[in-house]
Amino acid sequence: MDEVRVRFAPSPTGPLHIGGARSALFNYLYAKGAGGKLILRVEDTDSERSSRQSEVNILESLKWLGIDWDEGPDVGGDYGPYRQTERLPAYQEYTKRLLKEGKAYYCYCTEEELEAQRKEFSEQGELPRYNGKCYHLTPEERARFAAEGRKPVVRFHVPENQDVVIKDRVRGRVVFESNGIGDYVIVKSDGIPTYNYAVVIDDHLMKISHVIRAEEHLSNTPRQVLLYEALGWEAPVFAHISLILGKDRAKMSKRHGATSVVQYREEGYLPEAVVNFLALLGWSPEGEEEILSLEEIVQQFSLDRVAKNPAVFDMDKLSWINGIYIRKSPVEKLVKMALPYIEKAGILPNNPGHEDRERIALAVTALREHLVTMKDIVSYLQDFSQEKVALENEETKAVLREDTVPQVMQAFRNKLAALPEVTPESIKILLKTIGKELKLGGKQVYMPIRIAITGQMHGPELNFLIPLIGKELVLSRIESAFQQVAP
RNA sequence: GGCCCGGUGGUCAAGAGGUUAAGACACGGCCCUUUCACGGCUGUAACAUGGGUUCGAGUCCCAUCCGGGUCACCA
């Protein structure tokens, strides 16, 4: 069997979309699993919207996710260049051939004329498509239009009454009728090929064996297949994976929240978590374990287990997976991840010293079980740096008014003040001692202290919390709490 | 609207004619925990509808309904 060569071919018109990331991932998984190559090709033929900035964003997002490629605009390869705008001569050659063989023709229709045509078709209740008018142009007419200064496009002449068959690895055999497709533009008036044309030439020239892409491209595929036939080339194997939908079951878009990979990175999701989640959208492992590393997914991945139906993007599950990865990560790594958020929030100086890092490490250990994303750590930290505390509700106040509270708090304050080193260990002993000395257990000791320090009935373990907030703040916070229940 | 794809619990998703119709997230309960969370156990909950084919249909066929995609000198 020939070498497996797949490609991810984004158009650099914006940041990498989460759906694009999934397409890239599936291509990567398939390539790796088959010992093949992943090619990255930039489809920048939309000169209006393409930008280098977007291209950089896409490459960086992919790298962040851990998806790497064997050939591409940055690393080169034997089948370059890997940007379509740098491949113009290649397209021109085939355009000439198609023109010569009468399989394509120049079209001089203006936008107004096309608009009028479309209108006419739809008024007659017919499919609004190109009527083939310029196909019949005589050389004289063409010359006249050219003399007028009209810049022509090149249209592909679609053969009539033909079934166009697509062999799709996930959908099976899909058949379209050629009559439903009007003659379409393959080269724009500025000489740049359109998507449907450039993909075909590039996929062929780059020896792409499998085209794995989103389902939205399925309706385009017959146009491409027709081109393969006209050029006398064999089409690659297609695999159209279903779309990712938002909560309302419409294609994922901005109004569904974060759609770009960078947004997830900024929100504090771990790349391993995003990749794991994305893989599970449309693909399922054979076993029951769903928490899988990229390597494990590569091992298990198969197009046979890719679902046909679209998948709703389930934020809850992503959060759950991210939490799992946060808990799995070593503290050091989490500290490193947390740093940018903390710096940005201005909680700590920009070049945190050893002590600050210690403190963050403490925060991470105290909070890791509670975090959904790494960004969440900021609001906890901000809260813990306040001098005062707000009692959450009436219940917390009621607890602080209980009879045993004064003696507990007095003991706590005294012992804390006398404590030379505030560490999780020393606090743990301190709290135990209070319980023993006062012969009070459980809630009677821990709850008032917790409430007096945080204003809330729930939260991380006290022995972490107290060193994290620090002796001074703890004392001032306690004071502010009791002011709120003073008679 | 034409064409195309799809339709198993709220969500993801196993299932390749014969199963008590997996599992995961979410939700409820219990346990653990001096709180919450984490973790463990457990529960509620699904084959869109109607016709066929078959001894037997979630699985095959057809229709209907519903959802989505696509119909550009965007990709």
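Proteins come first, then strands; the chains are lettered A, B, ... in the order of their sequence lines, and each starts at number 1.
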(message) Please name the nucleotide paired to B/A21 by Watson-Crick or G-U wobble geometry with both distances under 3.5 Å, or report none.
(response) none
(request) Scan A/Thr45 against the nucleic acid and name what it touches under 4.0 Å (heavy atoms): base, sugar-phosphate only, or nothing. (result) sugar-phosphate
(message) When you measure from the side-chain N and O atoms of A/Arg305 to the phosphate of B/G15, is any distance below 4.0 Å, counting only OP1 and OP2?
(response) yes
(message) Using the side-chain heavy atoms of A/Arg171, tell me which of these nucleotides is nearest: B/G6, B/U70, B/A22.
(response) B/G6
(request) Would you indicate which nucleotide in B/C25, B/G6, B/C3 comes nearest to any side-chain atom of A/Pro310? (result) B/G6
(message) Could you check whether A/Lys251 pairs with A/Glu216 (Lys NZ or Arg NE/NH1/NH2 to Asp/Glu carboxylate O, under 4.0 Å)?
(response) yes
(request) For the pair A/Asp202 and A/Arg87, find out whether any cationic side-chain nitrogen is under 4.0 Å from an anionic carboxylate oxygen. (result) yes
(message) Could you tell me how far B/U44 sits from B/G15 if I compare only their P atoms? Round to whole Å.
(response) 24 Å
(message) Which nucleotide, if any, forms a Watson-Crick or G-U wobble pair with B/G50, using both distances under 3.5 Å?
(response) B/C62
(message) Between A/Glu392 and A/Arg450, does any NZ, NE, NH1 or NH2 come within less than 4.0 Å of an OD or OE carboxylate oxygen?
(response) no
(request) Look at all strands and tell whether A/Ser219 reaches a base, only sugar-phosphate, or nothing, counting heavy atoms closer than 4.0 Å. (result) base
(message) Please pick, from B/C36, B/C73, B/A24, the nucleotide with the shortest atom-to-atom distance to any side-chain atom of A/Val185.
(response) B/C73
(message) Regarding A/His217, tell me which of base, sugar-phosphate or nothing describes its non-hydrogen contacts under 4.0 Å with the strands shown.
(response) base
(message) Between A/Arg52 and A/Asp44, does any NZ, NE, NH1 or NH2 come within less than 4.0 Å of an OD or OE carboxylate oxygen?
(response) no
(request) Determine: side-chain N/O of A/Asn309 to OP1/OP2 of B/G68, distance under 4.0 Å, yes or no. (result) no
(message) OP1 or OP2 of B/A75 versus the side-chain N and O atoms of A/Thr13: is any pair under 4.0 Å?
(response) no
(message) Just to be sure I understand the rule, does A/Val175 reach a base, reach only the sugar-phosphate, or reach nothing, if contact means heavy atoms closer than 4.0 Å?
(response) sugar-phosphate
(message) If you compare every side-chain N and O of A/Arg249 against the phosphate oxygens of B/C12 (OP1, OP2), does one of them come in below 4.0 Å?
(response) yes
(request) Decide, yes or no, whether a salt bridge links A/Lys439 with A/Glu437 under the criterion of side-chain N to carboxylate O below 4.0 Å. (result) no
(message) So, under a plain 3.5 Å distance rule, would you say the side chain of A/Ser189 forms a donor-acceptor pair with the base of B/C73?
(response) yes
(message) Could you tell me how far B/C41 sits from B/A26 if I compare only their P atoms? Round to whole Å.
(response) 15 Å
(request) May I ask which nucleotide in the shown strands pairs with B/U33, Watson-Crick or G-U wobble, both distances under 3.5 Å? (result) none
(request) Indicate, with a heavy-atom threshold strictly under 4.0 Å, whether A/Met447 touches base, sugar-phosphate, or nothing. (result) sugar-phosphate
(request) Could you check whether A/Glu289 gets within reach of a base, just the sugar-phosphate, or nothing at all, counting any heavy atom under 4.0 Å? (result) nothing
(message) For the CD atom on A/Glu148, are there more than 12 heavy atoms of other groups (residues, nucleotides or ligands in this structure) within a distance under 6.0 Å?
(response) yes
(request) Would you indicate what A/Glu43 reaches in the nucleic acid, counting non-hydrogen atoms under 4.0 angstrom: base, sugar-phosphate, or nothing? (result) sugar-phosphate
(request) For A/Val153, report the nucleic acid contact type (base, sugar-phosphate, nothing); a contact means any heavy atom under 4.0 Å. (result) base
(message) Measuring only the P atom in each nucleotide, how far is B/U59 from B/G6? A whole number of Å is fine.
(response) 15 Å
(message) Can you check the distance between B/A16 and B/C60, where both ends of the measurement are the P atom (answer in whole Å)?
(response) 11 Å
(message) Side chain of A/Trp320 only, heavy atoms from C-beta on: which candidate in B/U35, B/C74, B/A26 is closest?
(response) B/A26
(message) Between B/C12 and B/G51, how far apart are the two P atoms, rounded to whole Å?
(response) 28 Å
(request) Could you check which nucleotide pairs with B/G43 in any of the strands shown, counting Watson-Crick or G-U wobble with both distances under 3.5 Å? (result) B/C27
(request) Determine, for A/Lys428 against A/Glu461, whether the closest basic-nitrogen to carboxylate-oxygen distance falls under 4.0 angstrom. (result) no
(request) Go through the N and O atoms of the side chain of A/Glu215 and the base of B/G6, and report whether any donor-acceptor pair is under 3.5 Å. (result) no
(message) With rounding to the closest Å, how many angstrom separate the P atoms on B/G23 and B/G43?
(response) 10 Å
(message) If you compare every side-chain N and O of A/Lys251 against the phosphate oxygens of B/U70 (OP1, OP2), does one of them come in below 4.0 Å?
(response) yes
(request) Before accepting this row, confirm whether a basic side-chain N of the pair A/Glu272/A/Lys333 lies closer than 4.0 Å to the acidic partner's carboxylate O. (result) yes
(message) Would you measure the distance from the P atom in B/A57 across to the matching atom in B/A21 and give it in whole Å?
(response) 14 Å
(request) Answer with base, sugar-phosphate or nothing: what part of the nucleic acid does A/Asp314 contact at a heavy-atom distance below 4.0 Å? (result) base
(message) Can you tell me if A/Lys308 touches the phosphate of B/G7, counting only side-chain N or O atoms and a distance under 4.0 Å to OP1 or OP2?
(response) no
(request) Respond yes when some side-chain nitrogen or oxygen of A/Ser242 is under 4.0 Å from OP1 or OP2 of B/C5, and no when none is. (result) no
(request) Using the C1' atoms only, state how far B/C65 lies from B/C55, rounded to an integer number of Å. (result) 31 Å
(request) Using Watson-Crick or G-U wobble geometry with both distances below 3.5 Å, tell me the partner of B/G67, or none. (result) B/C5
(request) Write down the partner of B/C74 under the Watson-Crick or G-U wobble criteria, each distance required to be under 3.5 Å. (result) none
